[in-house]
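All values below come from the heavy atoms of this structure, side chains included, with hydrogens, waters and symmetry mates left out. In the text below, chain A, chain B and the rest are named by the order of the sequence lines, each starting its count at 1.
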2 protein chains.
Amino acid sequence: MRRTSLDDADCPVARALDAVGDWWSLLIVRDAFFGLRRFGEFQKSLGMARNILTVRLRGLVESGILDAVPAADGGAYKEYVLTAKGRDLFPVLVALRQWGEAHQFPGEACRIELVDRDKGAPVQPLELRAADGRRLAGADTLIRTRA
Amino acid sequence: MRRTSLDDADCPVARALDAVGDWWSLLIVRDAFFGLRRFGEFQKSLGMARNILTVRLRGLVESGILDAVPAADGGAYKEYVLTAKGRDLFPVLVALRQWGEAHQFPGEACRIELVDRDKGAPVQPLELRAADGRRLAGADTLIRTRA
DNA sequence: AAGTATAGTTGCATTATTAAACCAATAACC
DNA sequence: GGTTATTGGTTTAATAATGCAACTATACTT
């Protein structure tokens with residue numbers, strides 16, 4: 001598995017991708033948000049090779065994104081549930097989702113939408129805001145090395 | 001290169017990852033936001049194999065994320081610049097960055113920060129909001145199939 | 001106890017990635 | 001105008017990751 005180059009060791013984007021930047025991890029996390037917990041559920045949902053799923057689940061547990069709990073409903077198998085760190089990936093998935101909706105359905109309309117559970121209404125697009133509340137685009141920002 | 005499984009063909013997250021879910025693409029896009037444009041600049045910054053960079057750049061151009069423009073400053077070589085579609089990946093990178101900052105620097109502090117260009121102040125954390133403005137966590141949302 | 005489903009592991013074939021050499025087209029120098 | 005260095009790749013061979021299918025072990029069902 002890849003590691004970030006040394007030049008990139010300080011970049012939080014690179015470190016994030018180090019943990020979840022492979023082919024499957026974010027899809028596993030997406031399914032975990034959707035409520036899947038068991039090895040077989042993930043495997044069936046993703047259609048991926050089982051040995052790779054084993055490796056990915058192990059990696060996500062080691063990264064502290066998933067927790068392998070012995071049993072939830074009395075059943076004897078392990079279940080994989082999101083930790084707080086894993087739940088914090090939610091904005092990443094939402095950002096990918098919104099970008100995919102906007103740009104990866106040319107011609108057709110995306111048939112799946114993310115809605116507010118209470119009201120059933122679609123959520124707002126994510127927006128980056130400055131400390132004073134102004135909306136910011138990429139060009140309005142700057143990467144700075146902290147003192 | 002992987003393609004999403006057929007079950008996932010409708011999921012915008014899967015389609016997004018299909019375009020930028022590999023090891024390098026998002027780092028290339030990050031560097032493009034940072035202002036890099038030339039083959040050699042990307043290669044030097046990322047330290048990746050050049051043939052793979054060739055393939056990734058071609059893929060990003062085919063996906064409409066980058067545009068290969070013949071010359072910007074009169075120089076004769078190609079330059080790779082973000083399209084509108086590519087610039088729309090900004091929230092994805094910010095989400096990864098903020099997650100990385102919060103969780104991938106255990107013990108140490110992340111020395112790089114994203115700031116508002118005008119004011120120099122750090123940006124706000126991305127937040128998902130309902131149509132009526134309420135903050136939403138993952139558990140407050142639902143995936144729904146559109147009529 | 002026998003049969004079945006779950007959760008992996010193992011071994012082998014396929015594919016992706018890397019590192020390094022190679023090449024063509026500028027650009028810089030003299 | 002010819003030589004040399006740099007840029008932007010391509011090709012090739014070795015290495016690493018991934019997928020597929022068969023296998024094992026444990027738990028559940030009857």
Side-chain angles (χ1 to χ4, degrees), chain A residues 1-9 14 17-29 31-32 35-63 66-81, chain B residues 1-9 14 17-29 31-32 35-63 66-81:
Chain A
M1 194 159 305
R2 199 186 63 88
R3 300 256 97 208
T4 55
S5 76
L6 281 108
D7 292 350
D8 262 352
L17 290 172
D18 236 27
V20 297
D22 65 278
W23 284 113
W24 294 109
S25 291
L26 280 175
L27 290 173
I28 293 170
V29 170
D31 278 357
L36 304 196
R37 302 169 147 248
R38 302 270 286 251
F39 183 94
E41 290 178 318
F42 290 113
Q43 200 279 323
K44 192 176 163 203
S45 165
L46 297 170
M48 67 189 291
R50 282 190 297 240
N51 52 348
I52 301 300
L53 179 55
T54 300
V55 173
R56 289 288 173 272
L57 286 173
R58 189 150 44 216
L60 288 168
V61 169
E62 278 168 13
S63 300
L66 293 180
D67 200 6
V69 306
D73 58 341
Y77 295 113
K78 260 186 289 190
E79 300 197 342
Y80 299 91
V81 298
Chain B
M1 197 158 303
R2 199 187 63 87
R3 299 256 96 207
T4 56
S5 77
L6 280 108
D7 292 350
D8 262 351
L17 289 173
D18 236 26
V20 296
D22 64 277
W23 284 116
W24 294 110
S25 292
L26 280 176
L27 289 173
I28 293 171
V29 171
D31 278 358
L36 304 197
R37 304 170 148 246
R38 302 271 286 251
F39 184 93
E41 290 178 318
F42 290 114
Q43 201 276 325
K44 191 176 164 204
S45 165
L46 297 169
M48 67 189 294
R50 281 183 301 190
N51 54 348
I52 300 299
L53 178 56
T54 300
V55 173
R56 289 287 174 273
L57 286 173
R58 188 150 48 215
L60 288 168
V61 170
E62 279 168 12
S63 300
L66 293 180
D67 200 7
V69 306
D73 57 341
Y77 296 114
K78 258 187 291 191
E79 300 198 343
Y80 300 92
V81 298

- Item | CG on A:L46 to CZ on A:F42, rounded to 0.5 Å | 8.0 Å
Looking at [X], I'd like to know whether one of its side-chain N or O atoms comes within less than 4.0 Å of OP1 or OP2 on [N].
| X | N | answer |
| --- | --- | --- |
| B:W24 | C:dT18 | yes |
| A:K78 | C:dT6 | no |
| A:Y80 | C:dA7 | no |
| B:T54 | D:dT10 | yes |
| B:R50 | D:dT7 | no |
| A:R56 | D:dT18 | yes |

- Note on the structure: Between B:L57 and A:I52, the residue closer to the 5' end of DNA chain D by nearest nucleotide is B:L57
Rounded distance in Å - [atom1] ([X]) to [atom2] ([N]):
| X | N | atom1 | atom2 | value |
| --- | --- | --- | --- | --- |
| A:L36 | C:dA7 | CG | C1' | 16 Å |
| A:L53 | C:dG8 | CG | P | 8 Å |
| B:M48 | D:dA16 | CE | C1' | 16 Å |
| A:R38 | D:dA27 | CZ | P | 13 Å |
| A:Q43 | C:dA7 | CD | P | 10 Å |
| A:E79 | C:dT6 | CD | P | 13 Å |

- Nearest-neighbour nucleotide for the B:N51 side chain, C:dG8, D:dG9, D:dT12 considered: D:dT12
- Note on the structure: Closest of C:dA7, D:dT7, D:dT10 to the A:F39 side chain is C:dA7
- Which atom of B:F39 lies closest to which atom of B:R50, heavy atoms considered: CZ-O, 3.7 Å
- Heavy atoms under 4.0 Å, any strand shown: does B:F42 hit a base, just sugar-phosphate, or nothing? nothing
- Message: Within the structure provided, determine whether B:Y80 and B:D67 are in side-chain contact (heavy-atom separation under 4.5 Å).
- Response: no
- Item | A:L57 side chain near A:L53 side chain, heavy-atom distance below 4.5 Å | yes
